[in-house]
Structure formats: C-alpha cells, structure tokens
Amino acid sequence: MQKELEAVQQIIKKYKTADPFDITERMGFIIEEKPLGSLRAFYRISRRNKFIALNSNLEDYQKRVECAHELGHYVLHKEYNTFMLSSIGQSSARFEKEADRFAVYLLLAMYDPDDFMEYTIEQISALTGIEQYRLNSIAF
C-alpha cells in the first residue's frame, strides 16, 4: 500500500493536481472514449504513444475513476499494458488491487480529508463516485 501512496504523492507534487485527466493530458496520453461493451477502460502504448480508452457508456464520475485506475497501471506497472496484465494469471489480481489503491489515493487527494472524518465508506462512495470495493482497498 505504501508504494501506491508514495507514487500518488510524487505525481501530485510534480503536476500540482490530483485530477487524473489533467495529469494524463500533461503526461501526453491520448484519451479515447468509445463503446467497449462490458470493458470499462484500458491503457496501451503503441509506437511511443500512450492511450487510455474509456467506455463511452460510463458516467463522467466513472470515467474519472477509470482514468485514475489506468494511470495507476501506467505508473506502477509500466512494463505491462492492459492486455499483458490480463494474460499473466494470478499476478494480475495483485496489479488490479494496486491500481485500485493508486486511484483511490489520487481521487481522495482532491478532497479535504477532514470532510470525511465522520463518514462511512458508503457515504464517501456516494460523495466521490469511488466504488466501495475500491475504497475498501485502503485503510482509513
């Protein structure tokens, strides 16, 4: 968990924002929105170009979460693309959890931590749009 938090802190310090769309834009990603069926998002690198594809059927808040998640894969697992991650078996579950933690830390950094002092996971999820299972991946 510590490596994800440290990575988020470095990204925020470098880009002076916690907005995943601003960060990915400044990192040179091309964001594509298109129908992806049941797939929510993926990232890929092709000919030195970095892409994040987001399912166009998602709500805006969901696209923000998925963008943060894919950014987490890029930052933490740069040597793999989404399709490689899905083919490496059990390690893939670990990588997904790490990307979820990265996304949660990044997205929560957009808020004042005091805002959530008395809130339940369910309430934080409702306010931020971050799914409860992802919020459960970090310690409050």
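The first residue of the sequence shown is numbered 1, and numbering continues consecutively from there.
For the residue pair His73/Glu98, the side-chain donor-acceptor check at 3.5 Å is not satisfied.
Judged as a side-chain hydrogen bond (donor to acceptor under 3.5 Å, both in side chains), and not counting sequence neighbours, the contacts of Asn57 are Asn55. Remark: Glu33 engages Lys63 in a salt bridge (Lys or Arg N to Asp or Glu O under 4.0 Å) (not counting sequence neighbours). Partners of Thr17 according to the side-chain hydrogen bond (donor to acceptor under 3.5 Å, both in side chains) rule, which considers only residues two or more places apart in sequence or in another chain, do not exist here.
One finds the CG atom of Leu106 at 12.5 Å from the CD atom of Glu4 (value rounded to the nearest 0.5 Å). Considering CZ of Arg94 and CG of Leu76, their distance stands at 10.0 Å, rounded to 0.5 Å. Between atom CD of residue Glu70 and atom CZ of residue Phe42 there is a gap of 9.0 Å, rounded to the nearest 0.5 Å.
Ile23 and Tyr61 fall into different hydrophobic clusters, defined by Ile, Leu, Val, Met, Phe, Trp and Tyr side-chain heavy atoms under 4.5 Å apart, directly or through other members. Under a hydrophobic-cluster definition in which Ile, Leu, Val, Met, Phe, Trp and Tyr are linked whenever side-chain heavy atoms come within less than 4.5 Å, directly or via other members, Leu58 and Ile30 are assigned to different clusters.
The minimum heavy-atom distance linking His77 with Ala99 is given by the pair CE1-N, 4.4 Å. Between Ala7 and Val75 the shortest heavy-atom distance is CB-CG1, 4.0 Å. The two residues Thr24 and Ile52 come nearest to each other via the heavy atoms CG2-CD1, 3.8 Å. Of all the heavy atoms in Leu54 and Cys67, the pair that sits closest is CD2-N, 3.9 Å. Residues Arg101 and Ile138 come closest through the heavy atom pair CG-CG2, 3.9 Å. Closest approach of Lys14 to Arg26, counting heavy atoms only: O-NH2, 4.4 Å.
Between Asp100 and Tyr133 there is a side-chain heavy-atom pair separated by less than 4.5 Å. The shortest distance between side-chain heavy atoms of Ile31 and Glu25 does not fall below 4.5 Å. Here the side chains of His69 and Phe102 are not in contact, with every heavy-atom distance at 4.5 Å or above.
Relative to the ring axis of Phe51, Arg44 places its NZ or CZ within 45° and under 6.0 Å from the centre.
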* For side-chain contact (heavy atoms from CB on, under 4.5 Å), just list the numbers for Leu127 and Phe116, CA-CA rounded to whole Å, side-chain angles, deciding distance to a tenth of an Å, and then say yes or no. => CA-CA 10 Å; Leu127 288 170; Phe116 301 129; 4.2 Å; yes
* Worked verdict on Arg134 versus Glu66 for salt bridge (charged side-chain N to carboxylate O under 4.0 Å, His left out) -> CA-CA 11 Å; Arg134 292 183 197 219; Glu66 295 306 325; 2.8 Å; yes
* Step-by-step side-chain contact (heavy atoms from CB on, under 4.5 Å) determination, Met27 to Tyr15 -> CA-CA 9 Å; Met27 290 177 82; Tyr15 294 102; 3.2 Å; yes
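With hydrogens and angles disregarded, no donor-acceptor distance shorter than 3.5 Å links the side chain of Ser46 to the backbone of Asn49. At distances below 3.5 Å, at least one donor-acceptor pair connects side-chain atoms of Gln62 with backbone N or O atoms of Glu59. A donor-acceptor distance shorter than 3.5 angstrom exists from the side chain of Ser125 to the backbone of Ile130, with no hydrogens or angles considered. With hydrogens and angles ignored, the 3.5 Å screen pairs a side-chain donor or acceptor of Gln123 with a backbone N or O of Thr120.
Between Leu107 and the choices Val8, Val65, Leu135, Thr128, the side-chain contact (heavy atoms from CB on, under 4.5 Å) rule is met once, by Val65.
Salt bridge Arg40/Glu131: present, at least one basic N to carboxylate O contact under 4.0 Å. Between Lys50 and Glu32 no salt bridge is recorded (no basic side-chain N to carboxylate O distance below 4.0 Å).
Centroid-to-centroid, the aromatic rings of Phe29 and Tyr74 come within less than 6.0 Å.
For Glu118, the CD atom is loosely surrounded, since the number of other residues' heavy atoms within 6.0 Å does not exceed 12.
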